[in-house]
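Notes follow once the structure below has been shown.
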Amino acid sequence: MVILVPDLDSAAPMLALLRRSGSAPEPSELPEGFVIDNRLHSVRWNSTELHLTDHEHELLVMMAGDLERVWTHEQLHAGVWRDSFLPTATHLQSTVKRLRRKLAGAGVPL
(Lines give C-alpha, C1' and ligand atoms only; values in the text may rest on other atoms or scores of the structure.)
Protein backbone atom coordinates (compact mmCIF):
# COMPACT_ATOMS: atom_id res chain seq x y z
CA MET A 1 0.00 0.00 0.00
CA VAL A 2 1.35 3.42 -0.91
CA ILE A 3 0.08 6.45 0.98
CA LEU A 4 1.43 9.86 0.00
CA VAL A 5 1.49 12.39 2.83
CA PRO A 6 3.15 15.80 3.00
CA ASP A 7 5.28 15.00 6.06
CA LEU A 8 5.97 12.35 8.71
CA ASP A 9 3.75 14.06 11.26
CA SER A 10 0.78 13.48 8.94
CA ALA A 11 1.63 9.80 8.38
CA ALA A 12 1.42 8.46 11.94
CA PRO A 13 -2.26 9.27 12.65
CA MET A 14 -3.29 8.07 9.18
CA LEU A 15 -1.50 4.73 9.60
CA ALA A 16 -2.94 4.27 13.08
CA LEU A 17 -6.45 4.91 11.75
CA LEU A 18 -5.97 2.46 8.86
CA ARG A 19 -4.61 -0.24 11.16
CA ARG A 20 -7.55 0.17 13.58
CA SER A 21 -10.01 -0.14 10.70
CA GLY A 22 -8.22 -3.22 9.37
CA SER A 23 -7.51 -1.52 6.03
CA ALA A 24 -3.74 -1.36 6.35
CA PRO A 25 -1.90 -4.65 6.10
CA GLU A 26 1.11 -5.19 8.27
CA PRO A 27 4.38 -4.87 6.35
CA SER A 28 5.46 -8.08 4.70
CA GLU A 29 7.98 -9.41 2.22
CA LEU A 30 7.77 -8.99 -1.52
CA PRO A 31 5.43 -11.55 -3.11
CA GLU A 32 6.99 -14.80 -4.29
CA GLY A 33 7.77 -14.57 -8.00
CA PHE A 34 8.50 -10.82 -7.85
CA VAL A 35 12.11 -10.13 -8.83
CA ILE A 36 13.91 -6.80 -9.03
CA ASP A 37 17.24 -7.14 -10.83
CA ASN A 38 19.28 -3.94 -10.43
CA ARG A 39 22.14 -5.28 -12.55
CA LEU A 40 19.85 -5.73 -15.56
CA HIS A 41 17.58 -2.85 -14.50
CA SER A 42 14.56 -5.14 -14.83
CA VAL A 43 11.50 -6.17 -12.85
CA ARG A 44 9.76 -9.51 -13.37
CA TRP A 45 6.52 -10.88 -12.01
CA ASN A 46 6.60 -14.64 -12.51
CA SER A 47 7.36 -14.92 -16.24
CA THR A 48 6.28 -11.39 -17.17
CA GLU A 49 8.79 -8.58 -17.50
CA LEU A 50 7.42 -5.20 -16.47
CA HIS A 51 8.54 -2.30 -18.65
CA LEU A 52 9.26 0.54 -16.23
CA THR A 53 10.76 3.96 -16.80
CA ASP A 54 14.00 4.78 -14.99
CA HIS A 55 12.10 6.82 -12.40
CA GLU A 56 9.52 4.08 -11.83
CA HIS A 57 12.29 1.51 -11.42
CA GLU A 58 14.24 3.69 -8.97
CA LEU A 59 11.10 4.42 -6.94
CA LEU A 60 10.25 0.72 -6.75
CA VAL A 61 13.80 -0.19 -5.72
CA MET A 62 13.78 2.42 -2.95
CA MET A 63 10.42 1.45 -1.53
CA ALA A 64 10.93 -2.31 -1.86
CA GLY A 65 14.28 -2.01 -0.11
CA ASP A 66 12.59 -1.18 3.20
CA LEU A 67 8.94 -2.21 3.31
CA GLU A 68 8.43 -0.99 6.88
CA ARG A 69 9.74 2.53 6.29
CA VAL A 70 7.59 5.63 5.94
CA TRP A 71 9.07 7.82 3.20
CA THR A 72 8.60 11.56 2.86
CA HIS A 73 8.14 13.26 -0.50
CA GLU A 74 11.56 14.85 -0.04
CA GLN A 75 13.29 11.51 0.60
CA LEU A 76 11.68 9.83 -2.41
CA HIS A 77 12.41 12.81 -4.63
CA ALA A 78 16.07 12.96 -3.55
CA GLY A 79 16.50 9.19 -4.05
CA VAL A 80 14.83 9.00 -7.46
CA TRP A 81 15.59 12.38 -9.05
CA ARG A 82 18.91 12.76 -7.21
CA ASP A 83 18.49 16.42 -6.30
CA SER A 84 16.96 18.46 -3.53
CA PHE A 85 14.77 20.72 -5.69
CA LEU A 86 11.14 19.80 -5.07
CA PRO A 87 8.85 22.28 -6.85
CA THR A 88 5.67 20.25 -6.25
CA ALA A 89 4.83 16.64 -5.43
CA THR A 90 2.93 16.23 -8.71
CA HIS A 91 5.76 14.47 -10.55
CA LEU A 92 6.18 12.02 -7.66
CA GLN A 93 2.44 11.35 -7.46
CA SER A 94 2.32 10.75 -11.22
CA THR A 95 5.23 8.30 -11.02
CA VAL A 96 3.57 6.41 -8.15
CA LYS A 97 0.29 6.28 -10.08
CA ARG A 98 1.95 4.90 -13.23
CA LEU A 99 3.96 2.37 -11.23
CA ARG A 100 0.87 1.13 -9.36
CA ARG A 101 -1.05 0.86 -12.64
CA LYS A 102 1.73 -1.21 -14.25
CA LEU A 103 2.05 -3.50 -11.22
CA ALA A 104 -1.71 -4.02 -11.01
CA GLY A 105 -1.95 -4.58 -14.77
CA ALA A 106 0.62 -7.39 -14.50
CA GLY A 107 -1.33 -8.95 -11.62
CA VAL A 108 1.20 -8.15 -8.89
CA PRO A 109 -0.61 -8.19 -5.52
CA LEU A 110 -0.19 -4.65 -4.18
Side-chain angles (χ1 to χ4, degrees):
M1 174 181 286
V2 175
I3 301 171
L4 291 175
V5 293
D7 54 48
L8 289 176
D9 294 333
S10 302
M14 186 177 295
L15 288 172
L17 177 64
L18 288 171
R19 285 212 171 97
R20 277 197 307 270
S21 71
S23 298
E26 292 299 319
S28 61
E29 295 182 8
L30 293 173
E32 187 175 330
F34 191 74
V35 178
I36 301 171
D37 187 331
N38 286 329
R39 187 176 52 82
L40 297 175
H41 199 77
S42 68
V43 176
R44 297 188 69 74
W45 168 243
N46 294 323
S47 62
T48 304
E49 182 163 353
L50 282 71
H51 300 284
L52 305 180
T53 66
D54 290 341
H55 289 147
E56 293 164 352
H57 185 269
E58 290 298 318
L59 182 63
L60 180 61
V61 167
M62 275 188 74
M63 293 175 32
D66 190 349
L67 297 175
E68 296 183 28
R69 182 173 178 173
V70 175
W71 298 89
T72 64
H73 284 109
E74 291 82 9
Q75 291 167 331
L76 291 172
H77 175 83
V80 174
W81 282 268
R82 311 255 192 275
D83 63 35
S84 60
F85 179 68
L86 184 62
T88 67
T90 310
H91 64 289
L92 177 58
Q93 292 168 343
S94 296
T95 304
V96 169
K97 184 178 180 178
R98 286 192 315 271
L99 178 58
R100 290 185 73 186
R101 189 179 306 134
K102 289 178 181 182
L103 293 171
V108 179
L110 299 176

How close do Glu56 and Leu99 get, heavy atom to heavy atom, and via which atoms? O-CD2, 3.9 Å

Sequence-distant partners of Glu58, side chain to side chain contact (heavy atoms under 4.5 Å, CB included), two or more places apart: His41, Val80, Arg82

Partners meeting side-chain hydrogen bond (donor to acceptor under 3.5 Å, both in side chains) with His77 (sequence neighbours left out): Asp83, His91

Would you name the heavy atoms of Trp45 and Ala106 that are closest together and state the gap between them? CD1-O, 3.1 Å

Excluding sequence neighbours, so at least two apart, what forms side-chain hydrogen bond (donor to acceptor under 3.5 Å, both in side chains) with Ser47? none

State the CZ-NE2 distance between Arg98 and His55, to the nearest 0.5 angstrom. 9.0 Å

Sequence neighbours excluded, the answer for side chain to side chain contact (heavy atoms under 4.5 Å, CB included) partners of Ser42 is Asp37, Leu40, Glu49

Which pairs, with at least one residue in residues 87-97 and sequence neighbours excluded, count as a salt bridge (Lys or Arg N to Asp or Glu O under 4.0 Å)? none

Measure the spacing between CZ of Arg69 and CE of Met62 and express it to the nearest 0.5 Å. 6.5 Å

Under 4.5 Å between any side-chain heavy atoms of Val43 and Phe34, yes or no? yes

Sub-4.5 Å side-chain heavy-atom contact between His57 and Ile36: yes

Sequence neighbours excluded, the answer for side chain to side chain contact (heavy atoms under 4.5 Å, CB included) partners of Ala104 is Leu110

Distance check, rounded to the nearest 0.5 Å: His73 atom NE2 versus Gln93 atom CD? 5.0 Å

Heavy atoms, side chains only, cut-off 4.5 Å: are Leu92 and Leu59 in contact? yes

Quick one: are Arg100 and Leu103 in side-chain contact, heavy atoms under 4.5 Å? no

Rounded to the nearest 0.5 Å, how far apart are CG of Leu67 and CG of Leu30? 5.0 Å

